[in-house]
Amino acid sequence: MKVRILGIGNPILKDDAIGIEVAKYLECKNIVGVEIREVESGGMDLLEEFRGCDIAIVVDSIVTCNHEPGSIIEMTLNELPFTRRLRGAHDADLNSALHLAKAIGMDLPEKVSVLAIEVSDNSTFGYGMTPEVEKAVVSAAEKALSLAFAELKKVSDQDWR
Amino acid sequence: MKRNISINPITRLEGHGKIEIFLNEAGEVENAYFQVPELRGFEVFCKGRPVEEMPQITARLCGVCPAAHHLASAKAADAVYSVDPPTTAKKLRELMYMAHFCHSHIAHFYVLAAPDFICGPEAPPTERNILGVIARAGLKVGGQVIEQRSNAQRAQALLAGRATHMAWAIPGGVSKALSESDRKTLVEWGEGMREFASFSLKLFREVVLGNSMYVDMIRSDPYALKVHNMGLVDRNDRVNFYDGTVKVCSPDGIEIDRYHPADYLNHIAEWVEPYTYLKFPFLKIRGWKGFEEGDSSGVYSATPLSRLNVASGMATPSAQEAYEEFYTTLGAKPVHSVLANHWARLIELIYAAERWCELVKDPEITNPNVHTIPEAAPKEGVGCVEAPRGTLTHHYVTDEKGVLTSVNLIVGTTNNNAPISMSITKAARGLISKNTEVTEGTLNKIEMAFRAYDPCMSCATHSLPGQMPLQINLRELDGKVIRTIRR
């Protein structure tokens with residue numbers, strides 16, 4: 001089974017970089033059995049990033065104003081209100097794109113989980129995140145990894161039985 | 001009773017755009033405003049960086065048209081170093097750009113424009129989307145949309161290393177030549193794209209032109225806007241996306257201005273309104289006379305329709321044929337219907353696919369000489385391309401070491417800021433009158449005037465997320481909400 005973690009963001013837009021930073025952190029760990037990708041695209045172009053895996057875990061920034069910056073919110077794609085990247089400005093939102101792609105028989109994951117990290121500034125150009133969001137990188141990465149391992153474990157348990 | 005109708009993406013938690021419609025005492029539309037939020041600090045971020053970093057940085061300004069920024073920036077950097085890239089490098093840049101145009105125009109037509117025509121402008125929003133389009137047009141069309149977009153994306157990646165944020169065009173050329181095996185792949189994808197572009201125009205003819213209601217809608221006054229048109233033209237006065245001179249024609253189709261992009265500051269100025277961060281560029285030759293139509297106004301638009309309106313034709317055969325059909329059918333040149341932009345976009349799609357095929361069969365295209373080493377001292381430069389949604393200008397000034405001291409950008413959508421506001425007002429006035437019940441369909445028809453410009457806030461400011469989910473608030477004069485419609 002192929003499990004993929006997609007860290008989505010723009011590295012030069014302050015806190016919007018969080019997804020990319022989580023992916024970078026995980027890449028350094030050389031984890032076996034989980035593919036890590038840094039993704040800077042959005043909307044329908046994300047389909048290519050989903051192609052060919054069974055389980056996808058998306059890490060992206062979000063502004064809900066209901067959580068403290070740096071909070072990690074786990075949700076499914078259907079529960080996802082809108083993050084900057086998952087709702088492309090110019091084309092279909094990811095959910096519609098995935099429905100369309102599934103209808104035409106594209107090889108897409110059975111399950112997509114989303115880890116959204118509440119951010120405070122994703123409107124200023126610059127490198128570096130705000131301190132609260134920066135602190136969330138490690139815990140978000142660990143959370144993503146635990147989701148990935150839980151999926152892998154389900155399969156190995158089945159195989160064992 | 002005065003009412004204030006606010007069309008507002010419910011994704012307001014993130015950066016968002018908003019349309020505000022004000023009604024007067026008589027219940028008629030007084031005025032309409034288009035507002036976008038600000039992305040901060042771009043110039044500050046760029047100052048002090050080496051100019052050669054700009055093609056990579058500016059590609060990250062926008063997830064929608066990174067290739068347009070990448071190339072406008074590389075051209076500005078060429079000019080900063082007074083370096084002329086080898087012919088093959090210019091052709092490769094143009095080839096990559098054709099793939100980008102195909103990618104962008106397919107998305108706009110099938111995902112943003114087609115739902116209004118294939119599903120109907122008043123169809124429920126749950127059906128009026130790409131899934132509704134595929135339900136009616138067939139799964140095969142859906143498969144083609146995904147495959148052709150994917151090929152256009154992969155073609156950019158094949159040439160430029162990455163499709164979204166390429167690190168390829170550099171001052172003096174490009175960093176990688178095209179191999180023969182990659183060229184063959186691009187020939188195959190280009191031919192597929194050409195067929196799909198022709199199919200898309202055929203679909204438009206059947207669905208839109210074959211329905212008198214839509215033809216009447218395209219020709220109707222609420223969707224007409226008589227302003228000046230702007231676009232890049234080549235030496236033969238034909239549409240060009242990568243290079244050329246900027247040509248401006250009046251609403252009567254008479255050429256009133258033409259200049260080298262480097263001279264833009266002598267021809268374009270920007271008006272500021274207190275209610276929005278986004279500036280309103282206007283023609284200096286006319287001056288700012290307000291949000292007015294007509295020859296004496298300074299307002300211009302820079303859209304696919306504008307490009308066709310200023311040029312004498314298209315540089316490739318099928319696109320030229322489609323261009324002639326366009327003006328014969330609509331009866332006059334220039335065309336003023338903003339909805340005709342959808343048709344113009346498909347003509348441009350045909351051109352981009354044909355030009356892709358031409359370039360990839362050019363004997364010079366695999367020449368390994370793709371870079372001229374810059375030797376002159378860096379100073380100042382302007383780079384200009386036609387982005388899918390309008391003329392895009394990058395202007396950089398550096399010190400003697402090539403470190404940026406000043407950056408100015410005029411992006412595609414900014415050019416169209418005044419026309420967009422005016423089109424929204426006209427559509428709203430035409431569709432809302434005293435005692436009109438403002439339905440979701442009414443709102444969508446107003447939004448259609450806005451959507452025809454293919455506006456992109458990603459770089460004008462930042463993302464207007466999603467398929468523009470909307471919220472409409474009907475308010476009493478004191479601001480009390482009397483009705484809200486969401487979709």
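Each chain gets a letter, A, B and so on, in the order its sequence line appears, and its residues count up from 1.
Using a 4.5 Å cut-off on side-chain heavy atoms (C-beta onward), Arg51(A) and Ser150(B) make contact.
Note: His99(A) NE2 to Ile134(B) CD1 = 14.0 Å, rounded to the nearest 0.5 Å. The CD atom of Gln153(B) lies 7.5 Å from the CD atom of Glu48(A); values are rounded to the nearest 0.5 Å. Atom-to-atom distance recorded for Phe45(B):CZ and Leu13(A):CG is 9.5 Å, nearest 0.5 angstrom. For the atom pair OH (Tyr110(B)) and CG (Leu100(A)), the distance works out to 12.5 Å, reported to the nearest 0.5 Å.
Applying the salt bridge (Lys or Arg N to Asp or Glu O under 4.0 Å) test to pairs two or more places apart or on separate chains, those with a residue in residues 110-132 of chain A are Lys111(A)-Glu151(A), Asp121(A)-Arg40(B). Screening residues 101-118 of chain B for salt bridge (Lys or Arg N to Asp or Glu O under 4.0 Å), with sequence neighbours left out, gives Asp116(B)-Arg128(B), Asp116(B)-Arg451(B).
Looking at Leu131(B), the atoms closer than 4.5 Å to chain A (heavy atoms on both sides) all sit in the side chain, from C-beta outward.
Residue Ile146(B) comes nearest to Met106(A) through the heavy atom pair CG2-SD, 3.9 Å, listed as atom of the first residue, atom of the second, then distance. What you find for His103(B) and Asp45(A) is that their closest heavy atoms are NE2-OD1, 2.8 Å.
Among the residues in residues 141-149 of chain A, none has a non-hydrogen atom closer than 4.5 angstrom to a non-hydrogen atom of chain B.
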Can Ile104(A) and Glu147(B) be said to form a side-chain contact (heavy atoms from CB on, under 4.5 Å), step by step? CA-CA 10 Å; Ile104(A) 63 155; Glu147(B) 188 188 337; over 6 Å; no

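When the ring-ring contact (aromatic ring centres under 6.0 Å, His included) test is applied to Tyr453(B), no partner is found at least two apart in sequence or on another chain.
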